[in-house]
Amino acid sequence: MTAEQLLLSKSAEAVSALYGAEIPASSLQLTVTRKEFEGDYTLVVFPLLKISRTSPDATGTAIGEWLVANCSEVGGFNVVKGFLNILLSPAFWTSKLSSICEKGDNVQLPSTGKTIMVEFSSPNTNKPLHLGHVRNNLLGASVSEILRAAGNKVIKTTLVNDRGVHICKSMYAWQKRFNGATPESTGKKGDHLVGDCYVEYAKMEKENPSVIDDVHKMLVDWEAGDPEVRALWQKMNNWVFEGFDQTYKALGISFDKTYYEHDTYLLGKELVRKGLEMGVFVQDPDGSVWCDLTSDGLDRKIVQRSDGTSVYITQDLGTAERRFAENNLDSHVYVVGNEQDYHFQVLKLILAKLGFEWASRIYHLSYGMVELPNGKMKSREGTVVDADDLIEEMYAQAKATSEASGKLADLPEEERDTLYRQIGLGALKYFILKVDPKKTMLFDPAESIDFNGNTGPFIQYTHARICSILRKASEKGLVPSVPEGVVPSSKEVRIIKLLSLLPSKIQEAADGLSPAVLANYAYELAKDFNQYYHDTPVLKESDRNLLSMRLALISAVSDVLKSAMRLLGIELPERM
Ligand code: ARG
């Protein structure tokens, strides 16, 4: 039972005992006490006056006294102008603290029995991952962990758009201009090499626009299964996959299942055929197939080209059908940038028209663009920031900041190096995830690593600080515990209250598909702890019981920080 539920039912009992009226607990108005008053919860007395037939103050006082006498969790009360401010007892807070301590650092809400698929990253295979993919990956991975912690079975997936015009362009340029270059022969990561081919193709097309016809011919040959085209396609895609895997590993990203467009586009074409039969689609004289969405306020959408090849949305139709059928999904979240809002609107509409009832349970987690300030990594307007470069830059920033502070100087080199990675990634992940996904944002590497700001490293540092206090305590033979009868101060109660919000924050983040909720919560907690520790030198306390409780309190802070940051994919080192 939560504190609210308890107070509501006890207050209803009070009304019955005092005034002989039976009222449902749910009819009472209870809110969290406003900051300017003393108390934890406030009962609004006015609606009860017609039952008590006395003044607001007398009614509030009578109920308050009854609660103190009959409910051990209530420690005191005051009445201000018809509002009964209730203070929970020290015993209530210490038992809360004990139960938070028991839960540890991996908090999990009860099972919902639901299965949710989360698709993220979903790159095209013609170029390396960039800053936009980084935001996508971090959001996707974090939302997956959050939904899992909120009691769902989560399947993390990615869609690899490994066929189509884009990859044919890279293949074409490679054939014409790269003299058999390979990742081995050039010492380049495979995704970067294929990306170079794509850039080269753009130049070729500028010089001679008719090369696009050759590329389209290549795509037709690919769909016809031409062995030579297929072999080149396979080879270059494999280079790209190896490159992607390295980037994912460096970012700490993984998937449970990978879907490839070449596996599902035919299912899409099958749906196009069915849709034509059902009258959902129409065929133009040139053979192209369309879905008319004008009556839905959109326009005509092509689902198959006149040469019979499929377009971007064709594969999504097939992929969605396969995923719902194969995995018995309750819902499906697609993490894709807001430039594709229209695409997903159309996708849901077409799937609904094709008669799939699950179409309404598709959610597009649409996020805004992320940019870097001009400077080292972004020199010209419109330069794409490469994900691998960015990860290395974060490592370098973490190293420079730590070296300047000298804090890690006495650690062995290997340990330091691991820390630089953890700090660099922590900075990157936190800075991106603390922003509401919908908002466009600027990622500033230097600001993200500031140990004193609203940053990942600030939270990592706070955690390491707690670990260091607990280490010192343990060297002195002191163990965290919550002894009976110990009375927490109002500052301590404030922290316990904040700690007890974790489950509701996880639920809120899951409902809103927003890791920012947990990032900001962790920041508040870290700030509160630092303030508390500044005022309360925990280890200097002479009262043994109080000291043990304080150790339990700070250890609970470190657990809750860990729980929250784990859901953002951020590691919290024990030393920093
Ligand atoms: N590969 C696409 C791109 O790079 C994104 C795919 C998003 N996912 C999807 N199911 N359509 O733009």
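Whatever order the structure lists them in is the order used to number ligands and atoms, beginning at 1. Quick note: residue numbers are just sequence positions, from 1. Values below: every heavy atom of this structure, side chains too, minus hydrogens, waters and symmetry copies.
- Across the listed options Asp316, Asn136, Asn124, Asp316 owns the non-hydrogen atom lying nearest to atom 9 (C) of ligand 1.
- What sits closest to atom 7 (C) of ligand 1 on the protein, heavy atoms only, is Tyr312 OH, 3.4 Å.
- The protein non-hydrogen atom at the shortest distance from atom 8 (N) of ligand 1 is Glu119 OE2, 2.8 Å.
- Between the side chains of Ser121 and Asn136, no donor-acceptor pair is found at a separation under 3.5 Å.
- For the 3.5 Å distance criterion, the side chains of Thr264 and Thr319 qualify, holding a donor opposite an acceptor.
- With hydrogens and angles left out, the side-chain atoms of Trp239 and Asp191 include no donor and acceptor closer than 3.5 Å.
- Those atoms of ligand 1 with a heavy atom of Tyr334 less than 4.0 angstrom away are 10 (N).
- The protein heavy atom nearest to atom 1 (N) of ligand 1 is Asn161 OD1, 2.4 Å.
- Taking every non-hydrogen atom of Val336 and a distance limit under 4.0 Å, the qualifying atoms of ligand 1 come out as 7 (C), 8 (N).
- Each of the following atoms of ligand 1 lies closer than 4.0 Å to a heavy atom of Leu159: 9 (C), 10 (N).
- When the heavy atoms of His343, Gln340, Glu339, Lys127 are ranked by distance to atom 12 (O) of ligand 1, first place goes to Gln340.
- Ring centroid separation for the pair Tyr312 and His343 comes in under the 6.0 Å cut-off.
- Shown here is Glu207, whose CD atom has more than 12 heavy atoms of other residues, nucleotides or ligands within 6.0 Å.
- The residues Asp226 and Arg230 are annotated as not salt-bridged, no charged nitrogen and carboxylate oxygen being separated by less than 4.0 angstrom.
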